[in-house]
Amino acid sequence: MSVMRYKTKTTYENLEALFQTLQNQNTKRIIFFASPEEKTADMSDDDGPETNLPLLAALAEVEIPAIGILFVVFDGLLLTAARRSRYLEIRQLLDAAVQSGKTYFSPSRVPFTSRHNPEDAVKIFLNAGSPVLLNEKSRSAFFALLSSISEQDYS
């Protein structure tokens, strides 16, 4: 298994990295995850302050010709819907993700993974249960994992 972890930057750069991954023709699938709503023993300094919880995390499966599948782990303080300005970034991502047709989400929360090595993070993500296709119908179910405020109320 080939695995790499995206090193988080600013939320703008994180959002751009996810957009590029969604648009990459070699990306076969992206799965979104929501972290716990409160601090746990798995939370690390890379996850930022508790005021940002829950966090969005992602796992991309990218096919590299003549090599195979590369898993890219997006975790840590990547994106959050904790405040309206951050919600606007999540909204842009979800719009693009729904349009891509290759984005899924875990219907249950996953533990924080930034404390784990990337290979173990992939195992945690892949063992999170059956992913659900992210589309217009299922979008609200995923967003409910990221915020206690609905998207309609944010708008």
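Each residue takes its place number in the sequence, starting with 1. Here the structure is a predicted model, which means the values were calculated and not measured.
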Requested in this report: Compare all side-chain heavy atoms of Q92 with those of F19 and state whether any distance is below 4.5 angstrom.
Outcome: yes

Query - L55 and F112, any side-chain heavy atoms less than 4.5 Å apart - result: yes

Requested in this report: For the residue pair N52 and R83, establish whether any side-chain heavy-atom pair is separated by less than 4.5 Å.
Outcome: yes

**Report entry** With F71 via ring-ring contact (aromatic ring centres under 6.0 Å, His included) - residues at least two apart
**Finding:** none

Query raised in the report: Looking at A144 and R109, what are the two nearest heavy atoms and their distance?
Result: O-NH2, 4.3 Å

Query - Lys/Arg-Asp/Glu bridge criterion (N-O < 4.0 Å) met for E63, K28 - result: yes

Report task. State whether the side chain of K102 and the backbone N or O of I30 hold a donor-acceptor pair below 3.5 Å, judged by distance alone. Result -> no

Query raised in the report: For P54, does its backbone N or O pair with a side-chain atom of T80 as donor and acceptor, under 3.5 Å?
Result: yes

Query - Contacts of type ring-ring contact (aromatic ring centres under 6.0 Å, His included), residue F125, not counting sequence neighbours - result: F33

Query raised in the report: Mind checking what makes side chain to side chain contact (heavy atoms under 4.5 Å, CB included) contact with T10, not counting sequence neighbours?
Result: Y12, E13

Query raised in the report: Got a sec, which residues hit side chain to side chain contact (heavy atoms under 4.5 Å, CB included) with R115, two or more places apart in sequence or on another chain?
Result: S44

Report summary line: Residue set satisfying side chain to side chain contact (heavy atoms under 4.5 Å, CB included) with T8, at least two apart, ordered chain then number -> Y6, N14, L78

Query raised in the report: Is there any ring pair (Phe, Tyr, Trp, His ring centres under 6.0 Å) pair reaching into residues 90-110, and which pairs are they, with sequence neighbours excluded?
Result: F105-F142

